[in-house]
Amino acid sequence: MFPPDQPPSSPPAPQADYLVRLNPEQREAVETVDGPLLVLAGAGTGKTRVLTTRFAHILMSGRAFPNQVLAVTFTNKAAKEMRERVAAILGRPAEGLWLGTFHALCARMLRRHAEYVGLTSSFTILDTDDQMRLLKQVMDAGVVDMKRWPPQGMMAVIQRWKDRGLTPARITPAEDSDYANNRARSIYEAYQSRLRDLNAADFGDLMLHMTEVLRTQPDVLAQYNRMFRYVLVDEYQDTNTVQYLWLRLLAQERRNICCVGDDDQSIYSWRGAEVENILRFEKDFPGAKIVRLEANYRSTRPILAAAAHLIAKNEGRLGKTLRAGRNDADGEKVRVVSLWDSEEEARTVGERIEGAQRKGISLGETAILVRAGFQTRAFEERLITLGIPYRVVGGLKFYERAEVRDAMAYMRVLHQPSDDLAFERIVNTPKRGIGDGALSAMHTAAREQGVPLAVAAERLARTEVMRARSRAAMRELFDGFHRWRALLGKDGHVVAVATMLDESGYTEMWKQDKSAEAPGRLENLKELVRAIGEFATLEGFLEHVALVMENDENAAEARVSLMTLHAAKGLEFDLVFLPGWEEGLFPHQRALDEGGTKSLEEERRLAYVGITRARKMAVISHAANRRVYGNWSAAIPSRFLAELPEGEIEREGSGASQRAAMLGGPSVFAGGGISSYKPRVIEAGAWEVKERPARAEAMRVGQRVFHQKFGYGRVTAADDNRLEVDFEKAGAKRVLDSFVEKA
DNA sequence: AGGTTAGTAATTTTT
DNA sequence: TTACTAACCT
């Protein structure tokens, strides 16, 4: 289970040509191998290069075997990239590495020590849907008024506790929450005990349980301490308390821990991340060395200057100054564009994208980064109208789609019949006539007999208790599962799953569905079955999906990327649009209301992250009027606009709003934030008032039409005012005739 | 059991 | 405005 203590004794003398390509500070970060090291890596300073080179260097200098290095990232993407780049330096596939996300590594460890926390090694990892359903069950059983105390709130409390490494037993009265009349802790306790009954762990548990094992089992800890000679950590500023504890335990003996991060890019405090972890590093690891990477190889000088000037307004930074590392760093000033309303903003962005495209900037190197998800819609509509291809990053991911989750639940039941939550999900999908009544009967039986839900259900289905119709359907389902399980051994997991999805009636359900999304869903199911084939076993596939909720997009066509600022961290583009810089939206009202200065500073870091995504050009904009939930509101320019260095930016746009942008911030207005605004007052002359499409004549089949969101299409069916339209870009949709006009 | 309708709430989301 | 949920009807 554990590798030998001794590292390879006489390694071949490495030709360290990989070191030559580093600048002095990077090289120092790579070559300071022993003892604690903090690498403060500003945006675009070659952080990943340092991390991967350091990893390779440790191996090539013979300091450790591949399996004696622990390398931790936050995202699967980062882990994958590191693995590939280490392999590239080594010149061979990097195998047997402890390289992965916090959660994947914890899952791997926890499977070996699950018994210490009351699980078996085959525990299932729950997705967010499962978690919520389980918590609701627990709260329901505890007679909590879920109207007054929404389960989401309770879930947030539980997750924060888990982020802090607090098992129910470790919560002191002082740390208890007053949620649901001081019952938070007991609900948490009940939830954890239900998870244990189900032999399941949620995401937070992977970290929490493994840390608990290390805390309470000295022999296990000693094994890992002996094994891991070096520890590498990416994005250290985003670690939460339990991750910090886990790292400290694993690195405590040899103290060869290298954390790479950037306090200026800490934007996940609301998810439990503690910037303090990085700010405190020297205290935690006395004698730690700190290396700063400040040479930026990504952006032009004005972009860097704007970002640096902005972030300098934050207090309590470790302090870093980005300097342009490129020889060709001169570039255009950062644009700050003032606009009348959000529609003009979308139009302007669209036009500028087209203009830039003509100048040779690829759509694939263009991004629109927004503060909140709903903002993407206005841009989507505009891009559709202009026929510019785009992709929304971070929307519903492949594995989060309902049909994929359903299919996954079928597979989970197939693999492990005791997976109650998965069974509950599919027992009546497609409809088998199982309602609340039948379901609660199953639950009661399962509890009384002490067997999994599926077993109890099958017993019920074979007796007379259940209604005849549902009984027949249930029996068919269980006969199916027996058949498919036999198939699993005989024809392999791909055939078994494909057969299961067909014979259970699941694919048929979507074939019968007449909605516009149904064909896409069937496509997704096909894609899912194809993906299973890439794994040797069904089990392996399930583990992968539980931990890797990512979709490998076929990025063949160059598309404009639309995403939130959070989703953009770690990415870079030639041309970046940063719209919606308005008080209340960015910085967001919620951050202003709830977290005071700390939150405001995090918003500022978000702005910093946004600007530093740009290689050649950044266009920041704000609108004077914005539609919020259907009605228009007046908006004040973001205070961040006033924090940009005048010399490095160029202001454009209409007079009044521009002046306001220069003053910046809410200080000149009483109250601040988005105030109420009368929707119909539109300044004469400036903007043509759009006419409502006349409802005069009915649309006929075959009519070519235009839709604000979906663009151009042709009517394929018409039923009074309901139309079915086959859109050129967006596919078949059902729309009301009042939303389209004749083209 | 299942579909319909009224009411309500609405950042950010690496795993 | 939309999307989701919880009562409500058939």
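Order of the sequence lines fixes the chain letters, A, B, ..., with proteins taken first and strands second; residue numbering starts at 1 for each chain. Values reported hereafter were calculated over all heavy atoms of this structure, with side chains retained and with hydrogens, waters and symmetry mates removed.
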Using nucleotides 10-12 of chain B, report all nitrogen or oxygen pairs with the protein that are shorter than 3.5 Å.
unit_1, atom_1, unit_2, atom_2, d
B/dT11, OP1, A/Tyr629, OH, 3.3
B/dT11, O4', A/His588, NE2, 3.3
B/dT12, OP1, A/Gly373, N, 2.8
B/dT12, O4', A/Arg371, NH2, 3.3
B/dT12, O2, A/Trp270, NE1, 3.3
B/dT12, O2, A/Arg371, NH2, 2.6

For atom CE of A/Met474 and atom P of B/dA1, their distance in whole Å: 12 Å
Partner set under ring pair (Phe, Tyr, Trp, His ring centres under 6.0 Å) for A/Phe379, not counting sequence neighbours: none
Contacts of A/Tyr188 meeting ring pair (Phe, Tyr, Trp, His ring centres under 6.0 Å) (sequence neighbours excluded), chain-then-number -> A/Trp161
Rounded to whole angstrom units, what separation is found between the CG atom of A/Leu571 and the P atom of B/dT14? 12 Å
Between C/dC4 and B/dT13, how far apart are the two P atoms, rounded to whole Å? 16 Å
Given atom CZ of A/Phe203 and atom P of B/dT14, what is their separation to the nearest angstrom? 10 Å
Polar atoms only, N or O, under 3.5 Å: list the protein pairs with nucleotides 2-5 of chain B and their distances.
unit_1, atom_1, unit_2, atom_2, d
B/dG2, OP1, A/Gly433, N, 3.4
B/dG2, OP2, A/Asn428, ND2, 3.0

Check side chain to side chain donor-acceptor pair (under 3.5 Å) between A/Arg475 and all other residues, then give those that pass, not counting sequence neighbours. none
Partners passing side chain to side chain donor-acceptor pair (under 3.5 Å) against A/Trp98 (at least two apart in sequence or in another chain): none
Could you give the CG-to-P distance, from A/Asn76 to B/dT14, as a whole number of Å? 11 Å
A/Phe535: partners by ring pair (Phe, Tyr, Trp, His ring centres under 6.0 Å), with sequence neighbours left out: A/Phe541, A/His544
Less than 3.5 Å apart, any donor N or O on the side chain of A/Tyr191 or A/Asp202 sitting next to an acceptor on the other? yes
Mind checking side chain to side chain donor-acceptor pair (under 3.5 Å) for A/Thr612 and listing every partner two or more places apart, or none if nothing turns up? none
How long is the line joining CE of A/Met155 and P of B/dT13, in whole Å? 19 Å
Looking only at the side chains, is there a donor atom on one of A/Asp406 and A/Thr429 sitting less than 3.5 Å from an acceptor on the other? no
Report the distance from atom CH2 of A/Trp632 to atom C1' of C/dT1, rounded to the nearest whole Å. 12 Å
Reckon A/Gly204 touches a base, only the sugar-phosphate, or nothing at all at heavy-atom distances under 4.0 Å? nothing
Side chain to side chain donor-acceptor pair (under 3.5 Å) partners of A/Asp234, counting only residues at least two apart: A/Lys47
Residue pairs, two or more places apart or on separate chains, that pass salt bridge (Lys or Arg N to Asp or Glu O under 4.0 Å) and touch residues 431-443 of chain A: none
Any idea if B/dT11 is syn or anti, going by the 90°-from-0 cut? syn
Mind calculating the distance between CE (A/Met207) and P (B/dT14) to the nearest angstrom? 17 Å
If the sugar-phosphate is the primed atoms plus P, OP1 and OP2 and the base is the rest, what is the B/S/- string for nucleotides 4-10 of chain C, using protein heavy atoms under 4.0 Å? ---S---
A/Gln265 CD to B/dT14 P, straight-line distance once rounded to whole Å: 17 Å
According to ring pair (Phe, Tyr, Trp, His ring centres under 6.0 Å), who are the partners of A/Phe123, at least two apart in sequence or on a separate chain? none
